[in-house]
Enquirer: 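Here's a structure for you.
Within every chain, numbering begins at 1; the chains are lettered A, B, ... in the order of the sequence lines, protein sequences first and strands thereafter.
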Amino acid sequence: MAKMKKDSYYDLVYYVTRQIPIGRVSTYGAIADYLTLGSARMVGWALTQSNQLGSEDIPAHRVVNRKGELSGRVHFKPPSKMQTSLESEGIVIKDDKVQDFKTCFWHPQELD
DNA sequence: TCTTTGACGTACA
DNA sequence: GTGTACGCCAAAG
């Protein structure tokens with residue numbers, strides 16, 4: 001596994017998303033900026049694809065929007081699974097939003 | 001090939 | 001704080 005088959009923008013997003021520590025959350029913008037994708041939408045798109053594929057190896061529930069809102073919960077099965085998973089990891093969710101978002105926020109740059 | 005849509009973000013009134 | 005507009009780029013029809 002010294003070399004990945006392809007370095008499509010999804011692979012980058014998948015990789016970074018897997019690096020998100022438990023009890024922490026990241027944002028589309030942070031990932032997009034770190035990977036220099038140019039648009040946060042690319043991150044959401046990749047995550048949607050991975051989710052539809054059933055790639056549970058990717059903790060997409062730890063990725064939220066800039067406001068800390070669980071904007072993509074509707075893409076989960078069931079949608080409430082996103083909040084449940086986050087709360088299970090010690091993250092406080094209130095009204096579909098991360099309370100200590102500022103504290104739980106994690107930036108991929110932490111890997112460096 | 002063109003148009004529309006989308007788990008977003010920033011800017012402005 | 002809210003609503004509107006634009007940019008961003010890829011996938012689907």
Side-chain angles (χ1 to χ4, degrees):
Chain A
M1 56 191 201
K3 194 77 173 182
M4 285 300 178
K5 298 172 68 174
K6 53 183 177 180
D7 293 358
S8 302
Y9 74 92
Y10 336 87
D11 296 294
L12 298 175
V13 174
Y14 297 166
Y15 182 76
V16 173
T17 303
R18 290 194 200 98
Q19 310 315 306
I20 302 176
I22 295 176
R24 303 269 253 198
V25 295
S26 187
T27 69
Y28 306 99
I31 297 172
D33 181 63
Y34 177 71
L35 299 176
T36 63
L37 295 177
S39 283
R41 282 193 165 154
M42 303 297 94
V43 179
W45 200 271
L47 261 42
T48 300
Q49 298 304 307
S50 71
N51 223 293
Q52 289 183 357
L53 295 173
S55 301
E56 299 180 4
D57 296 313
I58 303 177
H61 58 268
R62 293 182 192 150
V63 183
V64 296
N65 65 7
R66 203 32 164 157
K67 301 173 187 170
E69 300 174 299
L70 282 54
S71 51
R73 66 178 174 185
V74 297
H75 294 271
F76 284 78
K77 302 181 287 291
S80 57
K81 182 72 188 322
M82 187 174 186
Q83 179 175 335
T84 302
S85 298
L86 289 171
E87 292 182 316
S88 181
E89 295 178 359
I91 298 174
V92 180
I93 305 301
K94 182 72 174 187
D95 189 40
D96 298 324
K97 296 188 297 295
V98 179
Q99 289 306 281
D100 292 314
F101 174 64
K102 182 179 177 183
T103 303
C104 298
F105 178 70
W106 177 86
H107 194 283
Q109 192 173 30
E110 295 291 310
L111 295 172
D112 296 332

Enquirer: Are any non-hydrogen side-chain atoms of A:Val13 and A:Tyr28 less than 4.5 angstrom apart?
Expert: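 Not in contact.
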Enquirer: Are A:Ile20 and A:Val98 connected in the hydrophobic side-chain network, where two residues link if heavy atoms are under 4.5 Å apart?
Expert: no
Enquirer: Nearest to the A:Tyr10 side chain among C:dA11, B:dG9, C:dA10, which nucleotide is it?
Expert: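 Per side-chain heavy atoms of A:Tyr10, the pick is C:dA11.
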Enquirer: Give the nucleotide from the list B:dA7, B:dG9, C:dC9 with an atom nearest to the side chain of A:Leu47.
Expert: B:dA7
Enquirer: Just how far is it from atom CG of A:Leu47 to atom CZ of A:Phe76, taken to the nearest 0.5 Å?
Expert: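 The distance works out to 7.0 Å.
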Enquirer: Checking all strands, does A:Ser71 fall into the base, sugar-phosphate, or nothing category for heavy-atom contacts under 4.0 angstrom?
Expert: sugar-phosphate
Enquirer: Whole-Å distance between B:dA7 P and A:Lys97 NZ?
Expert: 19 Å
Enquirer: Is there side-chain contact between A:Asn51 and A:Lys77, with at least one heavy-atom pair below 4.5 Å?
Expert: yes
Enquirer: Taking only the side-chain heavy atoms of A:His75 (C-beta and beyond), determine which of B:dG9, B:dA7, B:dG6 contains the nearest atom.
Expert: B:dA7
Enquirer: Work out which heavy atom in A:Tyr10 is nearest to a heavy atom in A:Ala46; give both atom names and the distance.
Expert: CA-CB, 3.9 Å
Enquirer: Measure the distance from CG on A:Leu53 to P on B:dA7 and round it to the nearest whole Å.
Expert: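 In whole Å, B:dA7 P lies 16 Å from A:Leu53 CG.
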Enquirer: Looking for any heavy atom pair under 4.0 Å, which part of the strands does A:Ala60 touch: base, sugar-phosphate only, or nothing?
Expert: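 Here A:Ala60 touches the bases of the nucleic acid.
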Enquirer: Within this structure, what is the CG-to-C1' distance between A:Asp95 and C:dG1, rounded to whole angstrom?
Expert: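 Nearest whole value for this atom pair: 15 Å.
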Enquirer: What is the distance from NE2 of A:His61 to P of B:dA7, rounded to the nearest Å?
Expert: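 In whole Å, B:dA7 P lies 19 Å from A:His61 NE2.
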Enquirer: Roughly how many Å is it from CD1 in A:Ile31 to P in C:dC9, rounded to a whole number?
Expert: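 Nearest whole value for this atom pair: 18 Å.
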Enquirer: Grab the NZ-C1' distance between A:Lys67 and B:dA7 for me, whole Å please.
Expert: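 Result: 13 Å.
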Enquirer: Which whole-number value in Å describes the distance from A:Met42 CE to C:dG7 P?
Expert: 15 Å
Enquirer: Whole angstroms only, please: what is the OH-P distance between A:Tyr28 and C:dA10?
Expert: 19 Å
Enquirer: What nucleotide, of C:dC9, B:dG9, C:dA10, holds the atom closest to the side chain of A:Ser39?
Expert: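 From the listed options, C:dC9 comes nearest.
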Enquirer: In terms of side-chain heavy atoms of A:Tyr9, which of B:dG9, C:dC9, C:dA10 is nearest?
Expert: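 Nearest listed nucleotide: C:dA10.
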Enquirer: Nearest to the A:Trp45 side chain among B:dG6, B:dA7, B:dG9, which nucleotide is it?
Expert: B:dG6
